[in-house]
Amino acid sequence: MENNKGEQQSYVGMWVTRDGYVRQALLPNGRYDEARGNRKSAYQGSYTIKGDHIDYVDDTGFTADGEFRDGILYHGGMIFYREI
């Protein structure tokens, strides 16, 4: 999937579940780093964004996806909010 740089840049930053347990940093280089609880870098990999859809491939080859809607990221049964 081809990455649209403008679409990617609009979503770069830290995304966090309401309880703060899962923290996902979408980095400007197309990589992500996800922490869970006290476990930093629990998952790392790459992502691509097309429109409001995000596709992930972690460094072990596992794939997942999500959707951005109204400033909220829905991914893997979780809801993420942009950390300001």
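Taking the salt bridge (Lys or Arg N to Asp or Glu O under 4.0 Å) definition, one finds that R82 meets it with nothing, sequence neighbours left out. The side-chain hydrogen bond (donor to acceptor under 3.5 Å, both in side chains) test applied to T17 returns D19, not counting sequence neighbours. Taking T63 as the reference, nothing meets the side-chain hydrogen bond (donor to acceptor under 3.5 Å, both in side chains) condition, with sequence neighbours excluded. In this view, N38 satisfies the side chain to side chain contact (heavy atoms under 4.5 Å, CB included) rule with no residue, not counting sequence neighbours. Qualifying side-chain hydrogen bond (donor to acceptor under 3.5 Å, both in side chains) partners for Y21, counting only residues two or more places apart in sequence or in other chains: none. Remark: V16 pairs with M14, R23, E83 by the side chain to side chain contact (heavy atoms under 4.5 Å, CB included) rule, at least two apart or across chains. Looking at residues two or more places apart in sequence or on another chain, you find a side chain to side chain contact (heavy atoms under 4.5 Å, CB included) between S41 and D33, Q44. Under the side-chain hydrogen bond (donor to acceptor under 3.5 Å, both in side chains) criterion, Y43 pairs with no residue, sequence neighbours left out.
Other members of the cluster containing F62 do not exist, because no ILVMFWY side chain is joined to it at under 4.5 Å.
Expressed to the nearest 0.5 Å, how far CD1 of I49 lies from CG of L26 amounts to 6.0 Å. To the nearest 0.5 Å, the span separating CG on D52 from OG on S10 amounts to 8.0 Å.
At a cut-off of 3.5 Å, with distance as the only test, no side-chain donor of D58 or Y32 sits close to an acceptor on the other residue. Between the side chains of Q24 and Y56, at least one donor N or O lies within less than 3.5 Å of an accepting N or O. For the 3.5 Å distance criterion, the side chains of R18 and Y81 qualify, holding a donor opposite an acceptor.
Pairs of residues two or more places apart, or lying in two chains, never qualify as salt bridge (Lys or Arg N to Asp or Glu O under 4.0 Å) while including a residue from residues 71-81.
Considering every non-hydrogen atom in both L27 and Y47, the closest pair reads O-OH, 2.6 Å.
Remark: R31 engages D59 in a salt bridge, criterion side-chain N to carboxylate O under 4.0 Å.
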For a quick test of your reading: what N or O donor-acceptor pairs under 3.5 Å do the side chains of residues 66-78 make, sequence neighbours left out?
| from | atom 1 | to | atom 2 | distance (Å) |
| --- | --- | --- | --- | --- |
| E67 | OE2 | H53 | ND1 | 2.4 |
| H75 | ND1 | D65 | O | 3.1 |

